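Input: a single structure, listed below in structure tokens.
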Amino acid sequence: MARAATTSDAFNAIAEPQRRDILALLRGGEWPVTDLAQELGLSLPGTSKHLRVLREVGLARVRGAGQQRLYGLDARGLRPVHEWAGGFEQFWNESFDRLDVYVRELRNR
């Protein structure tokens, strides 16, 4: 089965580490593309391309502010990722519960 284009959904879009880095910065507020590129050590065209992908899958938004275009996080696009990852929450909770029991047993020896 062929791999889907990176612009098809959030899973494919966040598979790229640089796009995850951009999202992490956008979590803190809006950024102009030039500042994002400088902060991440990326080229301006490369950063713009990543932002376009993030916008197309609904993970980022853009608004004009005078001469600048500010990019911000649209976390609603991460809902499918959150729902999928949430399916593993029970596994981790059970693992931590078992660890807690083990640590208590070690203390009681």
Side-chain angles (χ1 to χ4, degrees):
M1 183 173 182
R3 184 171 178 260
T6 58
T7 58
S8 66
D9 63 32
F11 290 95
N12 285 310
I14 64 170
E16 166 60 50
Q18 292 169 329
R19 287 196 277 272
R20 292 193 306 268
D21 291 343
I22 290 170
L23 289 174
L25 290 174
L26 295 181
R27 201 172 38 202
E30 295 179 323
W31 286 68
V33 65
T34 52
D35 291 356
L36 283 169
Q38 184 176 4
E39 180 73 19
L40 296 171
L42 302 173
S43 69
L44 194 55
T47 304
S48 294
K49 181 179 176 183
H50 288 309
L51 287 166
R52 185 183 76 242
V53 169
L54 293 171
R55 282 193 336 269
E56 288 176 359
V57 300
L59 297 177
R61 58 182 162 59
V62 63
R63 73 174 180 90
Q67 299 267 337
Q68 284 188 320
R69 292 169 47 105
L70 298 175
Y71 292 85
L73 176 66
D74 189 348
R76 293 175 297 179
L78 289 170
R79 180 167 296 284
V81 176
H82 173 72
E83 289 172 353
W84 179 82
F88 296 95
E89 186 175 0
Q90 182 178 353
F91 167 79
W92 288 109
N93 286 339
E94 290 171 358
S95 296
F96 288 128
D97 289 345
R98 285 191 306 273
L99 179 61
D100 188 45
V101 168
Y102 177 71
V103 169
R104 277 193 242 140
E105 288 173 357
L106 286 176
R107 286 182 184 161
N108 292 332
R109 286 185 181 176

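Every value quoted in this text rests on a predicted model; they were computed, and no experiment measured them. In what follows, residues are counted from 1 in the order of the sequence shown.
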CD of Glu94 to CD of Gln90: how many Å apart, nearest 0.5 Å?
4.5 Å
What's the separation between atom CZ in Arg63 and atom CD in Gln68, rounded to the nearest 0.5 Å?
9.5 Å
Can you tell me how far CD1 of Ile22 sits from CD1 of Ile14, rounded to the nearest 0.5 angstrom?
13.0 Å
Heavy-atom nearest pair, Ala10 first then Val81, reads CB-CG2, 4.0 Å
Give me the atom names and distance for the closest heavy-atom approach of Leu70 to Glu30.
CD1-OE1, 3.6 Å
CD/Gln38: more than 12 non-hydrogen atoms of other groups inside 6.0 Å
no
Which heavy atom of Ala37 sits nearest a heavy atom of Ser43, and at what distance?
CB-O, 4.1 Å
Nearest non-hydrogen partners of Val53 and Ala13, listed with the distance:
CG1-CB, 4.0 Å
Would a distance-only check, ignoring hydrogens and angles, find a side-chain to backbone donor-acceptor pair under 3.5 Å from Arg55 to Ala60?
no
Which distance, rounded to the nearest 0.5 Å, do you find between the CZ of Phe88 and the CG of Asn93?
13.5 Å
Just how far is it from atom NE2 of His50 to atom CG of Leu40, taken to the nearest 0.5 Å?
9.0 Å
Quick one: are Val33 and Leu51 in side-chain contact, heavy atoms under 4.5 Å?
yes
Looking only at heavy atoms, what is the nearest atom pair of Leu59 and Gly77, with distance?
CD2-C, 3.3 Å
Run Leu23 and Arg27 through side-chain contact (heavy atoms from CB on, under 4.5 Å) and show every step you take.
CA-CA 6 Å; Leu23 289 174; Arg27 201 172 38 202; over 6 Å; no
Find out if a path of hydrophobic residues (ILVMFWY) with successive side-chain heavy-atom gaps under 4.5 Å connects Val101 to Phe96.
no
Inspect the surroundings of CZ in Arg79 and state if more than 12 heavy atoms from other residues, nucleotides or ligands are less than 6.0 Å away.
no
Arg61 side-chain N/O to Tyr71 backbone N/O, donor-acceptor pair under 3.5 Å:
no
In this structure, which one of Asp21, Leu42, Thr47, Leu44 forms a side-chain contact (heavy atoms from CB on, under 4.5 Å) with Leu36?
Thr47
Could you check whether Glu56 pairs with Arg52 (Lys NZ or Arg NE/NH1/NH2 to Asp/Glu carboxylate O, under 4.0 Å)?
yes
Hey, could you give me the NZ/CZ distance between Lys49 and Arg19, rounded to the nearest 0.5 Å?
8.0 Å
